[in-house]
Amino acid sequence: MAYWLMKSEPDCFSIDDLAKRPNQISGWDGVRNYQVRNMFRDEMRIGDRAFFYHSSCAEPGVVGVMRIVSNAYPDPTQFDPKADHYDPKSTRENPRWLQVDVQFERKLDKPVTLATLRAHEAQLKGMLVLARGSRLSVTPVRPEHWDYVLKLAGE
DNA sequence: GCCAACGTTGGC
DNA sequence: GCCAACGTTGGC
């Protein structure tokens with residue numbers, strides 16, 4: 001089983017939004033980055049765990065844990081002219097963008113803010129979300145980093 | 001709102 | 001294939 005970190009702007013889709021979905025499952029749609037698409041397709045597997053990370057907000061950081069519950073499949077929003085992430089160059093015969101389904105597992109008792117992560121940079125050396133200029137919305141997390149972040153959350 | 005960093009596009 | 005222009009991300 002692999003570990004991941006997945007960013008979302010809480011104004012757009014927060015961990016509480018995920019927890020309120022039927023069965024607490026949602027498609028992780030809207031990804032329009034080839035590296036992330038390839039990770040969905042080639043590396044992510046059902047049963048993997050992911051941190052839910054709130055970005056572009058007052059307190060960016062890790063706020064909860066979720067589970068990957070589907071394989072990669074075409075993101076339907078790419079075909080919808082009214083959707084924010086509509087891609088006119090993508091077709092149903094040859095879809096360009098993929099998504100996976102995620103299921104809410106739990107919120108952290110104590111969210112781990114970006115500032116806290118940075119304060120522990122020595123122990124989290126190599127964690128991609130801390131890398132300078134890192135903009136990927138989905139990144140792999142090493143098991144030792146996963147455990148350490150949970151420790152920072154008081155677990 | 002600013003701006004650094006980075007990805008994508010498209011002319012050549 | 002190069003690279004300038006442009007768009008996006010995301011912390012601050």
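In this text the structure is predicted, and so the values were computed from the model without any measurement. Chain letters run A, B, ... following the sequence lines, proteins first, then strands; residues in each count from 1.
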Looking only at heavy atoms, which two atoms of Arg118(A) and Leu130(A) are closest? And how far apart?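 Closest heavy-atom pair between Arg118(A) and Leu130(A): NH1-O, 3.3 Å.
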Can you give me the closest heavy-atom contact between Trp28(A) and Val31(A), atom names plus distance?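 That closest heavy-atom pairing would be CD1-CG2, 4.0 Å.
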Describe the nucleic acid contact of Arg132(A) in one word from base, sugar-phosphate, nothing, applying a heavy-atom distance below 4.0 Å.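 Sugar-phosphate, no base atom in range.
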Would you check if the side chain of Asp48(A) reaches a backbone N or O of Arg45(A) as a donor-acceptor pair within less than 3.5 Å?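 Yes; judged by distance alone, with no hydrogens or angles, the pair exists.
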May I ask you to decide if Phe13(A)'s main-chain N or O and Ser8(A)'s side chain share a donor-acceptor pair within less than 3.5 Å?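 Looks like yes, one N/O pair under 3.5 Å.
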Who passes side-chain contact (heavy atoms from CB on, under 4.5 Å) against Asp29(A), sequence neighbours left out?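 So Asp29(A) forms a side-chain contact (heavy atoms from CB on, under 4.5 Å) with Asp75(A), Thr77(A), Gln99(A).
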Which side-chain N or O atoms in residues 51-58 of chain A pair as donor and acceptor under 3.5 Å with protein atoms at least two apart or in another chain?
unit_1, atom_1, unit_2, atom_2, d
His54(A), NE2, Ile15(A), N, 3.2

Hey, which of these two, Lys89(A) or Asn33(A), hits DNA chain B nearer its 5' end, going by closest nucleotide?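 So the residue in question is Asn33(A).
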Taking five pairs at each end, how big is the angle between the two axes of the helix from dG1(B)-dC12(C) to dC12(B)-dG1(C), to 10°?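 Answer rounded to 10°: the end axes differ by 10°.
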Under the side chain to side chain donor-acceptor pair (under 3.5 Å) rule, collect the residues that match up with Arg67(A), sequence neighbours excluded.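 Glu105(A).
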Just jot down the salt bridge (Lys or Arg N to Asp or Glu O under 4.0 Å) partners of Asp87(A), sequence neighbours excluded, or say none.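 Scan of Asp87(A) (salt bridge (Lys or Arg N to Asp or Glu O under 4.0 Å), adjacent residues dropped) gives Arg96(A).
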Readout for nucleotides 4-12 of chain C: B = base within 4.0 Å of protein heavy atom, S = sugar-phosphate only, - = neither; 5' to 3' it is ---BBBBSS
